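For reference, positions follow the sequence shown, starting with 1. Bear in mind that the values here come from a model prediction, so they are computed numbers and not experimental data.
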Amino acid sequence: MAFDDWVKTYGRDCPSRTVIDVLANKWALYVLGALRRFDRPLRFNELRRLLDGVTQKMLTQTLRTLERDGLVTRTLYPAVPVRVEYALTPLGVEAGQLTTAIAEWSVAHAHQIHASRADYDGREQ
């Protein structure tokens, strides 16, 4: 990618910003990560149990956004009660690779980040 193209990505009108907005959402990261980690479709309540702290409303919004962006598919099974499963699309699998890398880096370096925060917070300001 040419330098000018990279500069354009920092502009407020760059379409990639809307994509980054979605991928930078913590719940989107966790949903993509969970679907990738389990490598199978998951039901809404399975995701909700896995993602400690997510509200029903936030998970619903996140899944709708990911479905709209073509990262997740929603499959409805006519049963009583209705069964709905979510799975990664091929594009979602690619995005999941990125989110998994971020998650693995975060786990590997969390202690360093927390130590830096403690050092910073302990300084006289």
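Following chains of ILVMFWY side-chain contacts shorter than 4.5 Å, one cannot reach V54 starting from L29, and the two form parts of different hydrophobic clusters. L66 and L76 fall within the same hydrophobic cluster, defined by Ile, Leu, Val, Met, Phe, Trp and Tyr side-chain heavy atoms under 4.5 Å apart, directly or through other members. F38 and Y86 end up in the same hydrophobic cluster when Ile, Leu, Val, Met, Phe, Trp and Tyr side chains are linked at under 4.5 Å.
Here Q97 contributes atom CD and I102 contributes atom CD1; the two are 12.5 Å apart, rounded to the nearest 0.5 Å. How far OG1 of T60 is from CZ of R48: 8.5 Å, rounded to the nearest 0.5 Å. Remark: Q112 CD to R117 CZ distance equals 12.5 Å, nearest 0.5 Å. Here T99 contributes atom OG1 and L35 contributes atom CG; the two are 9.5 Å apart, rounded to the nearest 0.5 Å. Atom OG1 of T18 sits about 11.5 Å away from atom CG of D13, to the nearest 0.5 Å. Atom NE2 in H109 sits 13.0 Å away from atom NE2 in H114 (nearest 0.5 Å).
Within the 4.5 Å cutoff, no side-chain heavy atoms of T89 are placed close to those of V72. Counting heavy atoms from C-beta outward, L63 and E67 have side chains that stay 4.5 Å or more apart. When side chains are defined from C-beta on, V31 counts as touching L59, because their heavy atoms get closer than 4.5 Å. Looking only at side-chain heavy atoms (C-beta outward), E85 and L42 stay at 4.5 Å or farther from each other. For the pair F44/V84, no side-chain contact is recorded, criterion being any heavy-atom separation below 4.5 Å from C-beta on. With a 4.5 Å cut-off on side-chain heavy atoms, Y30 and L47 do not count as touching. Counting heavy atoms from C-beta outward, L88 and L32 have side chains that approach closer than 4.5 Å. Counting only heavy atoms from C-beta outward, the side chains of D69 and T65 approach each other to under 4.5 Å.
More than 12 heavy atoms of other shown residues, nucleotides or ligands fall within 6.0 angstrom of atom CG in D119. Around the CZ atom of R17, the shell of radius 6.0 Å holds more than 12 heavy atoms that belong to other residues, nucleotides or ligands. Within 6.0 Å of CZ in R68 there are 12 or fewer heavy atoms belonging to other residues, nucleotides or ligands. Enclosure of atom CZ in R37 is not indicated, since only 12 or fewer non-hydrogen atoms of other residues, nucleotides or ligands lie within 6.0 angstrom.
Here the side chain of E46 pairs a donor or acceptor atom with the backbone of R43 at under 3.5 angstrom.
Annotation for G70 and L91: closest pair O-CB, 3.8 Å, computed over non-hydrogen atoms. Nearest heavy-atom pair, L50 versus A34, reported as atom, atom and distance to 0.1 Å: CD1-CB, 4.3 Å.
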